[in-house]
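Both counts, for ligands and for their atoms, begin at 1 and track the order of listing.
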Amino acid sequence: MADCIFCGIASGEIETRIVYEDEFLLAFKDLNPQAPTHILIIPKKHISSLSQAAEEDLELLGMMQLAAVKIAKDLDLKDFRLVTNCGKGAGQSVEHLHYHLLSGRRMLWPPG
Ligand code: 5GP
Ligand code: ZN
């Protein structure tokens, strides 16, 4: 999708530090990390947020979660948090579905 920064990353037009890639997904380091490990997992397909995912995205959503587990294992992360901000009020600033994989510090609850 034109003007989508994460589509630009997925297509390779915008450079990033890739941690994981397959046919459907890409994972890369967050530009402004909020924890010692902060990775974003995105579908290559443009979906603007989790609330825009459809029945046909069922498998893709499962793959995103399993990719998080694989990355956590590969990086030897003991504990981690997987979160998606859905909508501006929830803190979403980039309108392309992404899961934040955060680790390496004590996580607070509730999140701010
Ligand atoms: P959101 O606020 O939508 O939940 O998360 C968007 C995340 O994308 C933020 O944590 C922000 O730091 C990250 N981000 C924004 N632009 C870029 C970029 O160009 N490259 C990378 N690697 N991360 C980005
Ligand atoms: Zn996009």
Please confirm whether H100 comes under 4.0 Å of ligand 1, counting heavy atoms of the residue only. yes
Examine K29 against ligand 1 and note whether any of their N/O atoms are separated by less than 3.5 Å. yes
Which residue and heavy atom of the protein sit nearest atom 11 (C) of ligand 1, plus the separation: D30 OD1, 3.4 Å
Any idea which of I42, N85, I9, T84 brings a heavy atom closest to atom 4 (O) of ligand 1? N85
Is the side chain of E13 donor-acceptor paired with the backbone N or O of G8 at a distance under 3.5 Å, no angle test? no
Please check if the side chain of K78 supplies one atom and the backbone of S103 the other of a donor-acceptor pair under 3.5 Å. no
Would you mind reporting whether I14 and T16 have side-chain heavy atoms less than 4.5 Å apart? no
Nearest-contact summary for atom 18 (C) of ligand 1 - protein heavy atom, Å: L31 CD2, 3.7 Å
At the Zn ion (ligand 2): angle between H96 atom ND1 and C4 atom SG, to 10 degrees: 110°
Atom 3 (O) of ligand 1: closest protein heavy atom, distance to 0.1 Å, is S93 N, 2.7 Å
Closest protein heavy atom to atom 15 (C) of ligand 1, given as residue, atom name and distance to 0.1 Å: V94 CG2, 4.0 Å
Validation row: F28, R17 side chains within 4.5 angstrom (heavy atoms): no
Can L26 be reached from M64 by stepping across I, L, V, M, F, W or Y side chains whose heavy atoms are under 4.5 Å apart? no
Protein residue, atom and distance nearest to atom 16 (N) of ligand 1, heavy-atom basis: I5 CD1, 4.1 Å
In the single-linkage hydrophobic clustering (I, L, V, M, F, W, Y; side-chain heavy atoms under 4.5 Å), do L40 and M63 co-cluster? no
For F6 and H98, take the angle between the two ring planes, folded into 0 to 90°, and tell me which bin it lands in: parallel under 30, tilted 30 to 60, perpendicular over 60. perpendicular
